There are 2 protein chains.
Amino acid sequence: MRSIDNSTELNNSTLASSELQDNRSNAPVVKLCPHSAGVSCGSCRLNELCLPIALSEGEMQQLDDIVERNRPYKKADHLYRHDEFRSIFAVRSGSFKTYVLSSSGSGRVTGFYLPGEIIGMDGIADRTHANSAVALEHASICEIPFSQLESLSLKLPSLQHNFFSILGAEITKDQKIHTILSSYSAEQRIASFLLGVSSRYARVGLSPTRFHLPMTRGDIGEYLGLTVETVSRLFTALQKKGLISVDNREIALLAKDELRAIVGADEL
Amino acid sequence: MRSIDNSTELNNSTLASSELQDNRSNAPVVKLCPHSAGVSCGSCRLNELCLPIALSEGEMQQLDDIVERNRPYKKADHLYRHDEFRSIFAVRSGSFKTYVLSSSGSGRVTGFYLPGEIIGMDGIADRTHANSAVALEHASICEIPFSQLESLSLKLPSLQHNFFSILGAEITKDQKIHTILSSYSAEQRIASFLLGVSSRYARVGLSPTRFHLPMTRGDIGEYLGLTVETVSRLFTALQKKGLISVDNREIALLAKDELRAIVGADEL
DNA sequence: CGTAGTGTTGAATTGAATCAAGTGTCGTGG
DNA sequence: CCACGACACTTGATTCAATTCAACACTACG
């Protein structure tokens, strides 16, 4: 029922609206919790990590006008499937994974997206998403129709600049993963992954040393080119070494420097 | 003398200019061989694969005005090192590889760039190139200063659109490699790589079935996360199966369909 | 409270790496 | 033009890290 294949998209009209309802009607004036659907770019807690960086108030308003804030997604809801490209999405709360179903059946995870990050740039070139995106937990997003973003970028130099930067950052990130997958051992991959998640949480103001992993060990394995078993074994091994503590999906990084030493250098 | 580390950059004032000299002074009117330094975007054989797609003549002229056509690079010359970002580059002839020197010393190749392809997008986000780029053979490029490209993109919607597409294509490509590295066997990686090179040559009008590889087996190995020995063995094995013919770096694809069958699906 | 999905652990297997010893190729200088 | 030296490439034998196969424990939700 909750598998990737047969979940109904966006079927949360009755169920999931409850926790959001209370915020719907207020016009927010200060930065709001990003779970809120009533948030605007100007009031969003994440606006300095997202497209609006360095935009004036008036410019932000123009961006705000093209942003669509859909109802929230629940676990296993698809944000998009491998299909027509229309928008890019900014994660406001929760998390997503993107994946491709290889012809041989089994999927491979191509990315995880946490709050403040942008999904869907894989569709820009071909006007077709190369992968599918699915919520790992309750999540909300801002949808930014691409053609409108293009038009607006012509008018707002800062927005164009920001979007170029975001695309460039995605390229840099993907190339870092390339290096990781082509040369790191399983232990290095896991250490790198944990450090990467850590700094991504830190970016949005959450603890870089204690966090919850929204994805399964299997997801992590597919992402890093390892099997579930290997991921599990390494979590255990790193815990035994005292570098991390693992309680199911609750992770604490106890010795970041030693994790960095394992990786040798950069994070994921 | 010709190693990555100690080559002098751009020291080809006397040596390499000879083969280009003859074209320097003519004002070209029809599409020229891309080796020519006298080429303009309007007359470039590759203009329909590059930034100018769908630009009007006047627009193309404006783009042309910001493009710098440097003197050619010879084998092992660096286009840029892991350092300050200023420009992106379009390969006009020859080929380049990009690589990072991992902290543990040994480098990893992150990409190969053939004529009609764009290098340097890894520097957009941080204003610092994440990797270094070096010529694999005699090569020439068009340098496009990024800040000028940004300015011009604000004025020319088609140019902005093209550049978004090019960035998006790089992202899609990198994610495909992610899948390859995280789930393909050595044989699948090599088959995928050869098919990928094939279609990239086809794109610029060269034979998709007989081509020259500008990179070493070692480069291919670093790129695909394999050792030289494995690459070599698999070239031999695929030849024994009759799927390819290998003569040093001259490759012929004899049975593309069977190569595709090995990969299972998409190319690199 | 049962069932499906998730996670752990152990033992056996294997694909690719490593180690090792060559041969082939190309550019350079004598 | 040939000989030299530096890379580039190949092939074989051995090793090892991670996968595969297998059995079981946890947990969380309907």
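Every chain is numbered from 1, with letters handed out A, B, ... down the list of sequences. All figures in this text were calculated on a predicted structure; none of them were measured in a lab.
Regarding A:Leu234, its CG atom lies at a distance of 12 Å from the P atom of D:dA17, rounded to whole Å. In this entry the distance linking CZ of B:Phe235 with C1' of C:dG24 reads 17 Å, nearest Å. Taking atom NZ of residue A:Lys74 and atom P of nucleotide D:dC29, one finds them 14 Å apart after rounding to whole Å. Here C:dA16 presents its P atom at 9 Å from CD of B:Glu187, a figure rounded to the nearest Å. B:His212 has its NE2 atom 13 Å from the P atom of D:dA8, to the nearest Å. The nearest whole Å value for the distance from the CZ atom in B:Arg249 to the P atom in C:dT25 is 12 Å. Between the NE2 atom of A:His138 and the P atom of D:dC29 there is a distance of 13 Å, rounded to whole Å. Atom OH in B:Tyr184 sits about 17 Å away from atom P in D:dT19, given to the nearest Å.
Considering only side-chain N and O atoms, B:Thr227 lies under 4.0 angstrom from the phosphate OP1 or OP2 of C:dA17. Residue A:Ser232 has no polar side-chain atom (N or O) positioned under 4.0 Å from OP1 or OP2 of C:dT9.
Among the heavy atoms of the strands lying under 4.0 Å from A:Gly225 are primed sugar atoms or P, OP1, OP2 only; no base atom is included.
Proximity of B:His178 to A:Tyr223: side-chain heavy atoms (C-beta onward) are separated by under 4.5 Å at one or more points. Side-chain contact between A:His82 and A:Val100: absent, with no pair of heavy atoms (C-beta onward) separated by less than 4.5 Å.
Evaluation of the salt bridge (charged side-chain N to carboxylate O under 4.0 Å, His left out) rule for A:Asp257 yields A:Arg260 as partners, not counting sequence neighbours.
Side-chain atoms of B:Thr216 lie closest to D:dC9 of the nucleotides C:dT18, D:dT11, D:dC9. Side-chain proximity of B:Val228 to D:dA18, C:dT8, D:dT10: nearest is D:dT10.
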Enumerate the protein-to-nucleotides 21-23 of chain D contacts in which both atoms are nitrogen or oxygen and the separation is below 3.5 Å.
residue, atom, partner, partner atom, Å
D:dC21, N4, A:Glu229, OE2, 3.1

(request) Might you work through the side chain to side chain contact (heavy atoms under 4.5 Å, CB included) test for A:Arg45 and A:Val204, ending with a clear yes or no? (result) CA-CA 9 Å; A:Arg45 228 170 31 116; A:Val204 291; over 6 Å; no

(message) Does B:Glu143 form a side chain to side chain donor-acceptor pair (under 3.5 Å) with B:Asn70? I'd like the steps, not just the answer.
(response) CA-CA 7 Å; B:Glu143 175 166 357; B:Asn70 312 10; 2.9 Å; yes

Considering only distance and modelled atom types, tabulate donor-acceptor pairs under 3.5 Å from the side chains of residues 110-121 of chain A, sequence neighbours left out.
residue, atom, partner, partner atom, Å
A:Thr110, OG1, A:Thr98, O, 3.3
A:Thr110, OG1, A:Thr98, OG1, 2.8
A:Thr110, OG1, A:Asn131, ND2, 3.3
A:Tyr113, OH, A:Glu170, OE2, 3.1
A:Glu117, OE1, A:Leu114, N, 2.7
A:Glu117, OE1, A:Arg200, NH2, 2.9
A:Glu117, OE2, A:Arg200, NE, 2.8

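In terms of position on DNA chain D, the residue among A:Ser185 and A:Asn248 whose nearest nucleotide sits closer to the 5' end is A:Ser185.
Within residues 239-247 of chain A, no residue has any heavy atom closer than 4.0 Å to DNA chain C.
In summary, the side chains of A:Ser95 and A:Glu137 do present a donor paired with an acceptor at a separation below 3.5 Å, with no hydrogens or angles considered. Using modelled atom types, one finds a donor on one side chain and an acceptor on the other under 3.5 Å when comparing A:Ser198 with A:Lys256.
The two residues B:Pro214 and B:Leu136 make their nearest non-hydrogen contact at O-CB, 3.8 Å.
A salt bridge (Lys or Arg N to Asp or Glu O under 4.0 Å) check over residues 227-242 of chain B, counting only residues at least two apart or in different chains, returns the pairs B:Glu187-B:Lys241.
The CD1 atom of A:Ile88 lies 10.0 Å from the NE2 atom of A:His129; values are rounded to the nearest 0.5 Å.
The aromatic rings of A:Phe96 and A:Tyr73 stand perpendicular to each other, their planes meeting at an angle above 60°, with 30° marking the opposite boundary.
Overall, the helix from C:dC1-D:dG30 to C:dG30-D:dC1 carries an axis bend of 40° between its ends, with five pairs at each end and the value rounded to 10°.
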